[in-house]
Chemist: 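My questions will all concern the structure given below.
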Amino acid sequence: MTQAELRESLRNDVVQAARDLLGATLVYGSMQARIVETEAYRGEDDPACHAYRKTTMRNMVMFGEPGHAYVYLNYGMHWMLNVSAHEPRRAAAVLVRAAEPLAGIEGMQANRGVERLEDLLSGPGKLCRAFGITRDDNGSDILAANSPLRISAAEESVREIVAGPRIGIAEGKGHDIPWRFMEAERMKWVSKPRPRL
DNA sequence: AAAATGATGCTCT
DNA sequence: GAGCATCATTTTC
């Protein structure tokens, strides 16, 4: 998939965009990682999406141009990286949940205070900590070649995708909608499901 | 091996 | 004031 095709995908449905982001490369400074796990959050019909009700100060970016970073703080201590993806006049985003470290690994280890490669990027909070992603990156154009934080499209399409229910969603808020996507051949880099009630 | 817990702060009602 | 799109550590089976 070319960069232009990825851009086009982000202008359509967020669920397909979440699948298309698998295998893409996340780049920040000298750090690079392959995205292996994503989740779709769609404003129109998904109560778990921050854009489900209306635009607020926090979720503005999700209502803006597709292909921009929506970064927010969760549980008071973890930054979450999303990419806006939707048709005109709608709001939705893909949560980037896990990645396989490729380059700049020493920097990630320093930021995380962890050595083991499988623990470096295997969760949305871990990934942002390792890359040093914070509120400063909110709203940045993630497809622009000169942006510090960017994503370059997967050169070859991912062979097999595993889908499952999203993580950490309260019951009644679409907790069983299977919009969590993982690269089947790279499950060792994926975040662990949280225990259920 | 699974479940409970505490840290921690911003956003929205 | 309640409720989180989490994580690492501790406690319990």
Side-chain angles (χ1 to χ4, degrees), chain A residues 10 13-15 17-19 21-22 26 33 35-64 66 68-86 90-99 101 108-139 142 149 151 162-183 187-197:
Chain A
L10 295 174
D13 187 69
V14 68
V15 177
R19 302 172 69 96
L21 280 170
L22 293 177
L26 182 65
I35 296 172
V36 298
E37 178 181 0
T38 59
E39 282 178 0
Y41 288 86
R42 184 208 259 162
E44 300 100 87
D45 55 357
D46 172 14
C49 183
H50 292 166
Y52 183 55
R53 290 189 175 278
K54 62 193 302 190
T55 163
T56 65
M57 204 50 82
R58 178 176 63 163
N59 67 18
M60 283 181 42
V61 176
M62 262 199 289
F63 288 84
H68 287 243
Y70 167 44
V71 181
Y72 73 95
L73 188 65
N74 198 26
Y75 293 105
M77 64 198 88
H78 299 295
W79 295 101
M80 301 283 126
L81 171 65
N82 303 253
V83 181
S84 60
H86 53 83
R90 306 246 226 215
V94 178
L95 171 67
V96 181
R97 282 193 61 88
M108 298 177 191
Q109 288 169 324
N111 285 345
R112 288 273 291 117
V114 166
E115 291 279 312
R116 194 165 169 269
L117 297 185
E118 289 86 346
D119 295 334
L120 235 38
L121 306 174
S122 54
K126 298 179 188 180
L127 184 148
C128 285
R129 189 79 138 96
F131 274 78
I133 294 169
T134 67
R135 181 159 212 83
D136 292 345
D137 301 294
N138 192 44
I142 217 160
L149 175 64
I151 289 176
V162 179
R166 295 173 299 178
I167 304 302
I169 309 297
E171 208 160 322
K173 301 294 180 195
H175 67 282
D176 50 357
I177 300 174
W179 283 353
R180 178 193 189 201
F181 303 106
M182 292 155 284
E183 203 179 331
M187 295 299 284
K188 65 177 290 197
W189 303 109
V190 160
S191 70
K192 302 211 172 70
R194 194 152 296 277
R196 300 222 137 234
L197 175 94

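By convention in this document, chain letters (A, B, ...) are assigned in the order of the sequence lines, proteins followed by strands, and residues within each chain are numbered from 1.
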Chemist: Base, sugar-phosphate alone, or nothing: which one does Arg129(A) contact when heavy atoms must sit under 4.0 Å apart?
Modeler: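 Nothing, no heavy atom under 4.0 Å.
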
Chemist: Atom CG of Asn138(A) to atom C1' of dT11(B): distance rounded to whole Å?
Modeler: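 So the CG-C1' distance, Asn138(A) to dT11(B), works out to 14 Å.
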
Chemist: Any non-hydrogen side-chain atom of Val61(A) less than 4.5 Å from a side-chain atom of Tyr72(A)?
Modeler: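 They are not in contact (no side-chain heavy atoms under 4.5 Å apart), so the answer is no.
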
Chemist: Phosphate oxygens OP1/OP2 of dT11(B): is one of them under 4.0 Å from a side-chain N or O of His50(A)?
Modeler: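 Looking at the OP1 and OP2 atoms of dT11(B), neither is under 4.0 Å from any side-chain N or O of His50(A).
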
Chemist: What nucleic acid atoms does Arg135(A) come within less than 4.0 Å of, heavy atoms only: base, sugar-phosphate, or nothing?
Modeler: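 Sugar-phosphate contact only - Arg135(A) comes under 4.0 Å of backbone atoms but never of a base.
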
Chemist: Would you mind reporting whether Leu121(A) and Phe131(A) have side-chain heavy atoms less than 4.5 Å apart?
Modeler: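 Yes, side chains in contact.
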
Chemist: What is the distance from CG of Asn74(A) to P of dT8(B), rounded to the nearest Å?
Modeler: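 The distance from CG of Asn74(A) to P of dT8(B) comes to 16 Å, rounded to the nearest Å.
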
Chemist: Given Watson-Crick or G-U pairs with both distances under 3.5 Å, what dot-bracket string fits DNA chain C, with | for other-strand pairs and [ ] for crossing?
Modeler: ||||.|||||||.

Chemist: When you get a sec, tell me which of dA5(C), dC10(B), dT11(B) is the closest nucleotide to the side chain of Leu73(A)?
Modeler: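 My answer, after comparing the listed nucleotides, is dC10(B).
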
Chemist: Out of dT11(B), dA5(C), dT6(C), which has the shortest distance to the side chain of Arg58(A)?
Modeler: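 Closest nucleotide to the Arg58(A) side chain: dT11(B).
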
Chemist: Report the distance from atom NZ of Lys192(A) to atom P of dA1(B), rounded to the nearest whole Å.
Modeler: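 These atoms are roughly 11 Å apart.
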
Chemist: Quick one: are Leu26(A) and Leu149(A) in side-chain contact, heavy atoms under 4.5 Å?
Modeler: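 Yes; the side chains approach each other to less than 4.5 Å.
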
Chemist: In whole Å, I'd like the distance from the CZ atom of Phe181(A) to the P atom of dA5(C).
Modeler: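 It is 18 Å, rounded to the nearest whole Å.
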
Chemist: Under a 4.5 Å cut-off applied to non-hydrogen side-chain atoms, are Asn138(A) and Met60(A) in contact?
Modeler: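 A side-chain contact is absent here, since even the closest heavy-atom pair is not under 4.5 Å.
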
Chemist: At 4.0 Å (heavy atoms only), tell me whether Gly76(A) reaches a base, stays on the sugar-phosphate, or touches nothing.
Modeler: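 Since a base atom lies under 4.0 Å of Gly76(A), the category is base.
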
Chemist: Taking CE from Met62(A) and P from dT11(B), how many angstroms apart are they, rounded to a whole number?
Modeler: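 In whole Å, dT11(B) P and Met62(A) CE are 13 Å from each other.
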
Chemist: Side chain of Tyr75(A) only, please: which of dC7(C), dC4(C), dC12(B) is the nearest?
Modeler: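 Shortest atom-to-atom distance from the side chain points to dC4(C).
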
Chemist: Side chain of Pro124(A), heavy atoms from C-beta onward: which of dC10(B), dC7(C), dT11(B) has the nearest atom to it?
Modeler: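 It is dC7(C).
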
Chemist: Let me know the distance between OH of Tyr72(A) and C1' of dT8(B), rounded to the nearest Å.
Modeler: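 These atoms are roughly 15 Å apart.
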
Chemist: Is it the case that the side chain of Arg42(A) and the backbone of Asp13(A) share a donor-acceptor pair, with hydrogens and angles ignored and the cut-off at 3.5 Å?
Modeler: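 Judged by distance alone, no pair lies under 3.5 Å.
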
Chemist: Regarding Met77(A), tell me which of base, sugar-phosphate or nothing describes its non-hydrogen contacts under 4.0 Å with the strands shown.
Modeler: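 The answer is base, as Met77(A) lies within the cut-off (heavy atoms under 4.0 Å) of a base atom.
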
Chemist: Counting only heavy atoms not in Arg129(A) (residues, nucleotides, ligands), do more than 12 fall under 6.0 Å from its CZ?
Modeler: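 Not more than 12 within 6.0 Å, no.
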
Chemist: Are side-chain heavy atoms of Leu81(A) and Pro124(A) found at a separation under 4.5 Å?
Modeler: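 Counting from C-beta outward, Leu81(A) and Pro124(A) never come under 4.5 Å.
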
Chemist: For Met60(A) and dC12(B), what is the distance between atoms CE and P respectively, to the nearest whole Å?
Modeler: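 Atom-to-atom, Met60(A) to dC12(B), this comes out as 11 Å.
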
Chemist: Closest nucleotide of DNA chain B for Arg53(A) versus for His78(A): which of these residues is on the 5' side?
Modeler: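 Nearest-nucleotide comparison on DNA chain B picks His78(A).
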
Chemist: Quick check for you: among dA5(C), dA8(C), dT6(C), whose closest atom lies nearest to any side-chain atom of Arg112(A)?
Modeler: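 The closest nucleotide is dA8(C).
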
Chemist: Does the side chain of Glu39(A) reach to within under 4.5 Å of the side chain of Phe181(A), using non-hydrogen atoms?
Modeler: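 The answer is no; the side chains never approach within 4.5 Å.
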
Chemist: Using whole Å, report how far NZ of Lys126(A) lies from C1' of dT6(C).
Modeler: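 Checked: the NZ to C1' distance equals 10 Å.
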
Chemist: Find which nucleotide of DNA chain C each of Lys173(A) and Leu127(A) is nearest to by heavy atoms, and output the residue with the more 5' nucleotide.
Modeler: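 Between the two, 5'-proximity favours Lys173(A).
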
